[in-house]
Amino acid sequence: MEAKRINVLAITILTFISGACSNLGLLDKLENPGGTGSVSQGQALIAFLSSQSTNADLSSYTTGPFASCGGLTNLARADCACQTMATNAGLPMPMSGKYIAWLSSSSNDMSCRLAGITSPLVSCTPPSGGPTWTNTNGQIIANGYGGIFGGSLMAPLNYTEAKVQASAGALAWTGTGTDGKLTGTAATTTCTDWSLAGSAIGGLADAVNANWTNNSTPPSCSSGTAQIYCFAKP
């Protein structure tokens with residue numbers, strides 16, 4: 001009789017352990033569904049280099065998968081392209097639900113855009129703190145706004161939304177200095193607000209120093225093409 005009780009107890013314990021392990025796996029799947037799920041507060045956000053290059057007026061982002069962006073202009077078109085690429089790649093969405101382009105214009109600095117500051121739109125000061133951003137290879141590129149606007153990155157931003165490493169020397173349009181602000185004028189920094197005139201600041205995707213966003217050899221506004229950086233907006 002005692003032996004029977006011991007056997008029953010042993011079976012009960014084994015059943016509990018088995019169920020607990022199974023439930024742990026279920027809990028992990030519920031908390032980390034992957035794919036297009038939302039990123040919870042406190043989790044790292046994603047930034048990537050666009051897989052498709054564009055000319056300076058961003059007109060490459062008006063056809064094919066970007067057809068819905070055709071009616072937009074300037075920064076809004078670039079943001080639409082980033083959102084489209086992130087969605088099509090199945091990247092997790094931040095709490096804001098938005099991916100935006102790392103681009104500034106004469107009326108809106110990147111430091112304001114990324115931090116969601118709507119007044120003023122230029123020469124604003126991002127708040128302290130902020131999320132961690134990683135590239136799509138899982139490497140941390142910056143911790144908080146201080147890291148992203150601090151002049152250098154912790155790892156290069158040279159992986160596309162599809163987790164493909166870009167070719168060496170890949171260039172991105174930025175129009176943005178290391179502090180997240182427009183440097184110079186629109187004509188000398190943003191191809192005249194992302195038209196085909198003037199000159200621009202570009203970034204070198206392989207770089208982790210200031211050249212990642214302000215490289216000395218940007219593409220030609222009139223004939224060059226480059227990629228863009230896209231950031232999950234907190």
Between [X] and [Y] (side chain of the first, backbone of the second, donor and acceptor by atom type, cut-off under 3.5 Å), is there such a pair?
X    : Y    : result
S195 : T192 : yes
W102 : G175 : no
T188 : T185 : yes
Q43  : P94  : no
N214 : G202 : no
T136 : T160 : yes
T134 : I46  : no
T62  : S59  : yes
Q139 : A155 : no
D179 : K181 : yes

Please walk me through it: do T225 and N55 pass side-chain hydrogen bond (donor to acceptor under 3.5 Å, both in side chains)? CA-CA 4 Å; T225 61; N55 46 14; over 6 Å; no

Tell me, do [X] and [Y] make a side-chain contact under 4.5 Å, heavy atoms counted?
X    : Y    : answer
Y61  : I228 : yes
I100 : C230 : no
Q52  : Q227 : no
S68  : C80  : yes
S107 : L121 : no
C191 : S199 : no
M85  : S51  : yes
W194 : D57  : no

In this structure, which one of T189, T213, N215, T190 forms a side-chain contact (heavy atoms from CB on, under 4.5 Å) with T174?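 That would be T213.
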
Give me the one residue out of D109, T176, I201, N108 that meets side-chain contact (heavy atoms from CB on, under 4.5 Å) with L182.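 Result for side-chain contact (heavy atoms from CB on, under 4.5 Å) with L182: D109.
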
Determine the minimum heavy-atom distance between [X] and [Y], stating which atoms define it.
X    : Y    : answer
P126 : A115 : CB-CB, 4.3 Å
T54  : S60  : OG1-CB, 3.3 Å
L114 : Y145 : O-OH, 4.0 Å
A205 : P156 : O-CB, 3.5 Å
P234 : S96  : O-CB, 3.3 Å
V122 : S106 : CG1-O, 3.9 Å

Pair N74-D193, side-chain contact (heavy atoms from CB on, under 4.5 Å): steps then yes or no: CA-CA 7 Å; N74 200 275; D193 281 339; 3.7 Å; yes

Just do the side-chain contact (heavy atoms from CB on, under 4.5 Å) check on C124 and S111 with the steps written out, would you? CA-CA 7 Å; C124 62; S111 56; 3.7 Å; yes

So, taking the atom named [atom1] in [X] and the one named [atom2] in [Y], what distance separates them when rounded to the nearest 0.5 Å?
X    : Y    : atom1 : atom2 : answer
I141 : N135 : CD1   : CG    : 6.5 Å
T73  : L58  : OG1   : CG    : 9.5 Å
S167 : N158 : OG    : CG    : 10.0 Å
I148 : S152 : CD1   : OG    : 9.5 Å
L196 : S222 : CG    : OG    : 7.5 Å
L91  : Q83  : CG    : CD    : 10.0 Å

Under a 4.0 Å N-O cut-off, is there an ion pair linking R113 with D79? yes

What do you reckon, are the aromatic ring centroids of W133 and Y99 less than 6.0 Å apart? no

Less than 6.0 angstrom separating the ring centers of W212 and Y229, yes or no? yes

Using the rule that Ile, Leu, Val, Met, Phe, Trp and Tyr join whenever any side-chain heavy atoms are under 4.5 Å apart, tell me whether [X] and [Y] fall into a single cluster.
X    : Y    : value
L153 : L171 : no
Y159 : W173 : no
L204 : F48  : no

